[in-house]
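Chain A is the first sequence line, chain B the second, and so forth, proteins listed ahead of strands; every chain is numbered from 1.
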2 protein chains.
Amino acid sequence: MSSKLTAGDLQIISRIAVFRGLKAETVEQIIAPATAMMLRPHEWIVRQGDPATAFFIIIDGWVKLYRSAPSGDDTVIEIMTKGESFAEAVAFTGNRYFSTAEAVTEARVGRIPADHIVRCIRQSPDIALAMVASISQHLHHLVQQVEQLKAQSGVQRVAEFLASLSPAEQGHCSVALPYDKILIAGRLGLTPESLSRAFARLRTIGVVVDASHVMVKDVAKLRALAADDRSAVRGTLRPVR
Amino acid sequence: MSSKLTAGDLQIISRIAVFRGLKAETVEQIIAPATAMMLRPHEWIVRQGDPATAFFIIIDGWVKLYRSAPSGDDTVIEIMTKGESFAEAVAFTGNRYFSTAEAVTEARVGRIPADHIVRCIRQSPDIALAMVASISQHLHHLVQQVEQLKAQSGVQRVAEFLASLSPAEQGHCSVALPYDKILIAGRLGLTPESLSRAFARLRTIGVVVDASHVMVKDVAKLRALAADDRSAVRGTLRPVR
DNA sequence: GGCAATCCTTGATCAAGATCAAGGCGGCAA
DNA sequence: TTGCCGCCTTGATCTTGATCAAGGATTGCC
C-alpha cells in the first residue's frame with residue numbers, strides 16, 4: 001500500500017504548489033520521510049475524524065474530499081488532482097481531519113508526516129511561509145465556493161465550471177470533462193438530474209455536451225452568464241423540453 | 001482613525017485565538033507595531049482586491065467579511081466578533097485580500113503588519129505554528145459552511161445557527177440574536193423574507209422569536225432538526241400561514 | 001451473445017426559496 | 001407631534017431545483 005517515492009515523484013512534488021519558491025535541497029529534506037500511496041478507485045486516504053498526523057500531495061489521479069453527515073448523505077467539498085495538496089493546516093494542529101479523502105480514479109499520493117515538517121520549520125522557517133501560501137489558496141477556493149453557492153444559480157455554477165476548464169478567455173473551445181457527471185454535480189451542489197438539465201439549457205447559448213466532450217462556441221458568453229451579465233445572454237436560456 | 005493599542009487591548013489580544021499557546025513575551029513582541037482602528041458602522045477595514053499588508057484582530061464590536069460581484073450584489077462570507085482574527089493567511093502571501101471587511105457596529109480592531117510578523121517568524125518559528133492553527137480554524141469553518149449550503153435546507157441552517165447561540169446542549173434556553181436579521185439572513189444564504197418564514201416554522205417546534213429575543217423550548221430538538229433527524233420532529237414543521 | 005449494473009437523460013410532480021408588493025412598527029429628526 | 005425611514009413580517013406568485021419514475025446507452029462479465 002505504502003512505498004518509497006520514486007525519482008519521478010520527487011520531480012513532480014518539488015515543482016509544485018506547496019513548496020514553490022523553496023530551495024531544492026530544502027524540499028528534499030522535507031520529503032525525505034515521505035511515502036507514496038497507490039490507490040484504487042474508492043480507496044480512502046484519510047477518514048474524517050481521524051487524528052491528523054500527516055498531509056498529502058497528489059502525484060497522479062483524482063481525489064475527492066467529502067464529509068459524511070450522521071444522516072448518511074455525503075457532501076463533496078473539493079475535488080483535486082496532480083500537483084495539489086490537502087490537509088496541510090490541520091496536520092499541524094494535531095486535531096482531526098475534517099473531511100474524508102478518497103481516490104476517485106487510480107491515484108498516487110505522497111504522504112508527509114506532520115511531526116517531521118514541524119521539525120523542519122523550526123530549522124528553516126521559510127517552509128512555514130510557503131505552506132501558509134498554499135493554505136491561503138485553499139481558503140480562497142473555499143471562499144469562492146461559498147460565494148458561488150450563495151449568489152449563483154445552478155446554471156451559473158455550471159457555466160463557471162465549464163469556463164474554468166477552458167484555457168482561453170474567449171472564443172470557442174473544446175474540452176473534456178475531467179470526471180464523471182455525478183461527481184461534477186456533487187462539486188457544484190446539484191443533483192445529477194439538475195446538472196443534466198443545466199447542460200441542456202446551455203445548449204441554447206452554444207454549449208454542446210456529448211458524453212465527456214464539451215464544445216463551447218463562445219467562452220466569453222459562458223463567463224458573462226456566470227457573472228450574471230444578463231445582457232450577454234438576453235432572451236436565450238429558455239428551459240428546454 | 002488609527003492609534004496605539006491600550007493596555008486593555010493587549011490583555012484581550014494576548015489571551016485569544018491566534019496567539020494561544022505562545023509565551024507572553026513573544027506575543028508582546030508580535031504586537032509591538034500593532035495599531036488600533038476605531039470604526040463606526042459601515043466603515044471598512046480592508047477592501048477586496050487591496051494588496052494584503054496586514055492582518056487583523058477584533059478587539060470589540062462586530063465585523064462582516066463580504067465579496068462584491070461585478071453585478072453589484074454582495075455575498076456575506078463571515079461575521080466575526082471580539083477575539084477573532086482575519087486575513088492571516090493572505091497577509092503572508094503578498095496577494096490581495098479576497099473579501100472586504102466592514103464594521104457592522106462600532107468596532108475596535110487591532111492591525112498587525114505582515115512584514116513584521118514574517119520577521120518574528122524567522123526568529124521564533126513557533127509563531128508560525130500558532131498562526132497555522134488559527135488559519136486551520138478558518139478553513140474548518142468554511143468547510144462547514146460549504147457543507148451546510150450544499151446539504152441543508154434554509155430552515156435547517158437557521159436551526160443550526162440558533163443552536164450554536166445556545167450554550168447548552170439540550171433543555172430550554174433564551175438567547176439574544178447577535179446582529180440584525182438582514183445580516184443573519186445573509187450569513188445563512190437566505191433572503192430576509194425567507195429567514196422570517198423559517199422562524200415562523202420553527203415556532204411549531206417551540207422556538208419563539210420576538211425582536212432580538214429568542215426562546216427555545218428544547219435545544220436538542222433544534223439540533224436534531226439541523227442534523228436531518230426527521231424522527232425528532234415528526235409531523236411538525238408544517239408551513240405556517 | 002445475453003445479462004446486469006451503472007451512468008445519464010428526460011418527464012412529471014413537488015417543495016423550497018426568491019421576488020414583488022404591501023403594511024405594521026419603532027426610532028429619530030424636524 | 002408628525003412624518004419619514006429602515007427593519008421586519010406576511011401574502012401571492014413565480015422560478016429553481018429536488019424527487020420519483022422510467023428508459024436508453026454503455027460497459028463489463030458470464
Side-chain angles (χ1 to χ4, degrees), chain A residues 40-42 71-76 104-105 148-159 161 176-204 207-214 225-226 228 230 233 236-241, chain B residues 41-42 71-75 104-105 148-159 176-204 207-214 225-226 228 230 236-241:
Chain A
R40 313 214 133 264
H42 303 295
S71 62
D73 48 30
D74 295 343
T75 306
V76 175
V104 167
T105 60
Q148 284 167 16
L149 290 167
K150 282 185 175 176
Q152 291 183 307
S153 71
V155 183
Q156 288 179 309
R157 296 200 295 275
V158 174
F161 177 79
L177 296 177
Y179 33 83
D180 74 35
K181 293 179 185 174
I182 292 178
L183 199 50
I184 293 175
R187 229 228 67 173
L188 299 175
L190 294 172
T191 57
E193 293 96 324
S194 295
L195 175 64
S196 191
R197 286 187 248 265
F199 280 145
R201 283 190 175 204
L202 290 176
R203 264 203 295 278
T204 64
V207 176
V208 183
V209 179
D210 175 38
S212 78
H213 256 81
V214 184
L225 169 61
D228 229 348
R230 261 23 184 43
V233 289
T236 54
L237 263 194
R238 301 257 144 273
V240 187
R241 334 218 109 237
Chain B
H42 303 295
S71 63
D73 48 30
D74 296 344
T75 306
V104 168
T105 60
Q148 283 168 15
L149 289 166
K150 281 185 176 176
Q152 291 182 308
S153 71
V155 183
Q156 288 179 308
R157 297 200 296 275
V158 173
L177 297 177
Y179 32 81
D180 74 35
K181 292 177 184 175
I182 293 179
L183 198 50
I184 294 175
R187 230 229 63 176
L188 299 174
L190 293 172
T191 58
E193 294 96 323
S194 295
L195 175 64
S196 191
R197 287 188 245 266
F199 280 145
R201 283 188 176 208
L202 290 178
R203 266 204 292 279
T204 65
V207 176
V208 182
V209 180
D210 175 38
S212 78
H213 256 81
V214 185
L225 169 60
D228 231 346
R230 264 10 185 51
T236 54
L237 264 193
R238 300 257 144 274
V240 187
R241 340 214 107 236

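For the pair A185(A) and L195(A), the tightest heavy-atom approach, listed with the atom from each and the gap, is N-CD2, 3.8 Å. Here the closest heavy-atom approach between residue T75(B) and residue A151(A) is recorded as OG1-CB, 3.5 Å. Minimum interatomic distance between A211(B) and L177(B) (heavy atoms only, all atoms of both residues): O-CD1, 3.9 Å.
Rounded to whole Å, the distance from CG on L183(A) to P on dC7(C) is 11 Å. Protein atom CG of D180(A) is 14 Å distant from nucleotide atom C1' of dT27(D), rounded to whole Å. Summarising the geometry, the separation between CD on Q156(A) and P on dG17(D) is reported as 9 Å, rounded to the nearest angstrom. Between K181(B) atom NZ and dT10(D) atom C1' there is a gap of 13 Å when expressed in whole angstrom units. Atoms CD1 (I182(B)) and C1' (dG6(D)) sit 8 Å apart, rounded to a whole Å. In this structure, L225(B) atom CG and dA16(C) atom P are separated by 12 Å, rounded to whole Å. Here dT9(C) presents its P atom at 12 Å from CG of L202(A), a figure rounded to the nearest Å. Nucleotide dT9(D) holds its C1' atom 13 Å from the CG atom of D210(B), rounded to whole Å.
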Between the protein and nucleotides 22-25 of chain C, which nitrogen or oxygen pairs are less than 3.5 angstrom apart?
none

Counting primed atoms, P, OP1 and OP2 as sugar-phosphate and everything else as base, the B/S/- map of nucleotides 18-26 of chain D against protein heavy atoms under 4.0 Å is SBB------

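Annotation: the span from T105(A) atom OG1 to L183(A) atom CG amounts to 10.5 Å, rounded to 0.5 Å. In this structure, the separation between CG on L190(B) and CZ on R197(B) is 11.5 Å, given to the nearest 0.5 Å. Rounded to the nearest 0.5 Å, atoms NZ (K181(A)) and CG (L188(A)) are 13.0 Å apart. Taking CG of L202(B) as the start and OG1 of T204(B) as the end, the distance is 7.0 Å to the nearest 0.5 Å.
Applying the side-chain contact (heavy atoms from CB on, under 4.5 Å) rule to T191(A) yields the partners E193(A), S194(A); only residues at least two apart in sequence or on another chain are considered. Applying the side-chain hydrogen bond (donor to acceptor under 3.5 Å, both in side chains) test to D180(B) and every residue at least two apart in sequence or in another chain returns nothing. The side-chain contact (heavy atoms from CB on, under 4.5 Å) check on R187(A) picks up V76(A), I79(A), Q148(A), F161(A), Y179(A), with sequence neighbours excluded.
Judged purely by atom type and a 3.5 angstrom limit, K150(A) has no side-chain atom pairing as donor or acceptor with the backbone of D74(B).
Checked against dA16(C), dG17(C), dG17(D), the side chain of V155(B) finds its nearest nucleotide in dG17(C).
The rotation axes computed at either terminus of the helix from dG1(C)-dC30(D) to dA30(C)-dT1(D) lie 30° apart, taking five pairs at each end and rounding to 10 degrees.
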